[in-house]
Amino acid sequence: MLRSKGPQGRRVACWASLAMLLPAAVNAEAPAAGPAHTVTFDRHSLIIDGKPTYLWSGSFHYWRLPSPESWNDVLQKMKAAGFNAVEIYFDWGYHSTKRGVYDFTGIRDVDRLLDMARDVGIYVIARPGPYINAETDAGGFPGWLVTTAGKPRTTAPEYTAAYREWMTQIDRILARHQVTDGRGTVLLYQVENEFYNDSDDGRAYLQALEDKARADGITVPLFGNHNTNFFEGVGKLDMPGYDSYPMDFDCTRPERWNAVYDFASERRGLKNAPLFFPEYQGGAFDVWGGPGYEACRKLTGPAFERVFYEATMASGSTMQNFYMTYGGINWGWLSSPGVYTSYDYGAAITASRQLTPKYDQQKLIGYMTRAAAPLARTDAVGTSVPENPRLRVTARVNPDNGTRFYILRHADASDTTDDATHLKVALGNRGETTIPQAPGTTIHINGRDSKVLLANFRFGQQDLAYSTSELLTQLHEGKRDVAVLYGRTGEDGETVLRYRDRPDVRMIEGKIDTHWDAASHTLRLNYRHEGLSRVEIRQGDASLLLLLGDNAAAIRFWQLDTNDGPVLLRGPYLARAAEHRNDTLALTGDTDHAGDIEVFTAAGTRTVTWNGKPVGTTATASGSLLGHLDGPAPVTLPALNDWHIADGAPEIAARFDDRAWQATDRTSTPNDYWDHKLPILDSDDYGFHHGHVWYRGHFTATGKENAIQLSANLGVHLGNHGIFTAWINGHFLGNNPSGSQQFPIDPRWLKKGGDNVVSVLVENTGHLQEEHNGAFREPRGLLSARLEGSDAAIHWKIQGNVGGEDLPDTMRGPFNIGGLYGERNGWHLPGFNDSGWAKATLPRATDKPGMDWYRTSFKLDIPDGQDVPLAIRIHDAAPHHYRAIIFINGWQIGRYISDVGPQTDFELPPGLLNKHGENTIAIASWSTAQDGGLGEVSLVMQGNYTTGLK
Ligand code: GAL
């Protein structure tokens with residue numbers, strides 16, 4: 001392969017290899033390298049194989065979905081909504097438990113993920129860090145880096161050696177999936193993340209990362225997510241990138257609406273690169289005690305998407321990625337301090353993989369970015385202001401073919417009034433025409449809304465003068481063009497097409513007035529957006545089936561690529577893939593209820609199959625095939641009545657045998673964040689990086705001890721909810737959520753002259769994300785302890801997860817468990833025999849602080865061919881003082897804090913379930929006060945679909 005300067009001096013990658021550009025979904029095995037692809041760019045857009053391409057992309061983290069079969073589901077759902085790219089962070093800490101140890105198998109099989117992306121036919125924007133942020137533990141740095149010397153995100157030699165290890169590993173995989181080599185769909189590569197250190201060292205560091213990526217065989221363009229930094233000089237990236245979260249992250253007031261920032265000046269400032277948003281707000285993360293993700297979905301709902309994403313388009317961006325499109329879950333201890341288990345993000349696709357109205361909205365816009373190819377290359381152009389001053393219009397024109405885009409919204413984007421207007425649009429060379437032309441009709445912007453209207457747009461054999469409806473899609477099938485236009489229910493629509501002579505018009509359905517104007521050679525259609533109207537317009541050999549719908553009708557269309565061209569269908573919940581086999585069209589997809597399916601496909605298709613089964617169809621007046629699809633069979637879930645219980649904290653008792661535990665005897669550490677007393681108590685220094693840690697401190701009592709001062713670092717920034725509980729000789733001393741407290745000791749609890757034991761259980765909420773100061777190295781666990789009333793020395797022992805960095809359970813990996821007694825003894829695992837445990841019923845109240853483990857099992861029998869997203873729900877009538885760690889079949893899928901919230905339903909990724917047999921739930925419940933226990937626990941069904949997912 002070779003790299004050369006492109007026509008405008010840009011860095012360009014050229015290759016000889018692979019086949020089609022973004023192939024239709026293929027059902028094939030791994031392909032050999034095929035025809036060449038080039039990935040270049042200019043100031044307008046990304047250019048793939050010479051074709052300006054509008055990038056419509058969404059973020060997805062495979063490590064937040066420990067279920068590889070579901071990766072395919074998410075990728076197919078994205079592709080079906082018109083996303084042509086998926087942006088993926090690769091999390092260093094997720095793959096590396098210990099220095100030099102890397103795991104890319106099972107749920108960490110990135111090769112498999114990238115193969116899936118290739119087979120789905122979606123580009124990958126790779127973001128391997130080394131630092132990623134992402135609200136994950138240490139922002140993606142591995143646990144072992146906490147105690148490795150060398151300032152992170154600098155050229156420090158120790159840090160350099162560490163990240164080079166990771167880059168070698170991940171780049172090797174990414175390199176073999178690059179679109180440029182024809183082996184995969186990796187399209188772009190991000191270097192670092194939100195890196196703002198513009199010092200000499202910062203630049204040298206960035207340059208070193210770029211050099212390393214290139215040396216590792218990365219040939220696709222390198223870009224940044226660093227806003228205006230590194231446009232020039234040392235560390236300069238091929239493409240800069242902006243991130244923007246205009247609604248910020250406060251979901252408590254979801255009605256809030258912030259100003260729209262116009263990126264037009266940033267656009268103008270970029271001379272050689274497109275305006276690229278590697279992260280534009282797709283939702284928001286929520287915090288412990290927050291309002292929950294439905295509030296975030298409302299804050300960043302369909303109206304926000306419509307107005308802000310189209311404003312970004314209006315300012316000239318042609319590369320938009322939304323963070324997140326599927327958020328997933330912070331299973332195990334993946335979250336950084338502040339955020340809880342669900343990382344649903346209020347995104348377009350829920351954590352349980354369900355489609356929301358946000359998905360529908362993105363689909364409407366995403367389809368247009370694909371159907372209106374001239375949008376990838378436009379310049380801002382002047383235009384008359386709307387007749388109604390409450391509205392504002394921005395115009396853009398494609399310099400090659402004159403296609404114009406008018407983006408219309410309220411001048412004050414937060415306005416909620418319904419405003420009507422006429423617009424002046426430039427049609428060809430004939431000055432401006434006022435539209436709509438039909439007397440008594442107008443264009444509306446009703447509330448927080450935005451519209452992209454097209455003019456002078458040629459597609460197939462058609463010439464659209466303009467439309468006040470929006471374009472969903474257009475395609476050429478057999479001998480005809482098909483176009484779908486849509487608008488808000490009840491609003492007027494006017495579509496004008498140019499013809500040499502008066503065309504034949506055949507009304508198929510609905511009420512459409514037509515008006516032929518011989519002088520301008522235009523056919524004007526006037527209608528109201530309501531349901532779906534259909535008309536066929538024919539002139540000579542050229543024919544157009546025009547489908548005119550309201551938004552609700554438009555979102556029911558799906559367009560799929562096949563090797564014989566595109567297929568349009570209407571009806572089901574989801575369409576995944578299509579393939580022509582002789583005269584059969586094989587479709588796969590999902591339904592949420594029984595209903596119609598209508599297929600618009602080339603004449604000659606005689607049979608349609610859906611998920612492998614034939615669909616009886618009849619031909620319609622629209623030249624389509626109409627059939628019926630079944631909905632899902634009902635599913636009932638078992639009740640969870642049969643619980644077993646065991647005491648989960650024998651460490652509290654003085655007599656507990658801790659001889660095998662490590663003594664905390666270290667007196668030096670490479671971690672310069674340890675500035676506390678010796679010996680070092682930081683759990684990271686003993687290889688325990690995630691989850692609970694126990695400390696047991698032994699001292700010989702004088703009998704005069706009257707209090708103990710304990711300090712811990714729980715990561716209590718950001719209002720997160722770490723805690724520690726302490727006992728002395730089995731007696732409860734108390735809890736502390738803030739990090740430091742003096743606990744009185746009752747002298748009757750002491751064994752004068754004998755061995756006395758302080759037991760401390762610590763829950764921290766993870767390592768901080770890293771800015772530029774090393775904060776991810778902040779110690780975790782106990783910091784210091786001091787007895788009051790005597791000088792007796794305390795000798796501490798520590799116990800975290802079994803093996804520390806040498807994990808026995810590499811399949812579930814470093815984040816799955818910590819050091820609870822039950823975790824150390826496999827109580828979370830499905831094979832554990834709990835028959836000796838006592839029986840319990842839930843809800844159950846306790847009156848003393850401590851730890852109980854609960855186990856039950858249940859049988860599932862999910863009908864084949866159905867997707868039934870399940871969750872475990874914990875319900876408390878009123879908050880109690882306890883926190884529960886929830887395991888399904890050995891996988892930690894939730895952390896519940898009864899008195900903090902907000903999450904009560906914990907998604908069960910399908911790959912962790914036995915869908916036809918026995919499953920085990922284990923819950924460790926830590927009662928932090930006298931009123932603990934465990935609430936009612938049940939299985940809940942979040943949806944029920946027939947599915948084409950294999
Ligand atoms: C971005 C960052 C992401 C994520 C996001 C908020 O600025 O790059 O990694 O943290 O903020 O969800």
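Read the numbers this way: they start at 1 and go in the same order the structure lists the ligands and their atoms. Every heavy atom of this structure was used, including side-chain atoms; hydrogens, water molecules and symmetry mates were not.
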- Are Tyr205 and Phe195 close enough that their ring centers fall under 6.0 Å? yes

- Task: Check the surroundings of atom CG in Asn773: do more than 12 heavy atoms from other residues, nucleotides or ligands lie under 6.0 Å from it?
- Result: yes

- Task: Just say parallel, tilted or perpendicular for the rings of Phe304 and Trp257, cut-offs at 30° and 60°.
- Result: perpendicular

- Message: Just to verify, what does Arg306 make a salt bridge (charged side-chain N to carboxylate O under 4.0 Å, His left out) with, not counting sequence neighbours?
- Response: Glu310, Glu470

- Message: Is the distance between the ring centroids of Phe277 and Phe263 under 6.0 Å?
- Response: yes

- Query: Around ligand 1, what residues show up once you keep those with a heavy atom under 4.0 Å from it?
  - Reply: Tyr89, Ile132, Asn133, Ala134, Glu135, Asn193, Glu194, Asn225, Asp243, Tyr245, Phe249, Glu279, Phe285, Tyr323, Tyr343, Tyr345

- Query: How about Tyr345 and Tyr323: are their ring centres within less than 6.0 Å of each other?
  - Reply: yes

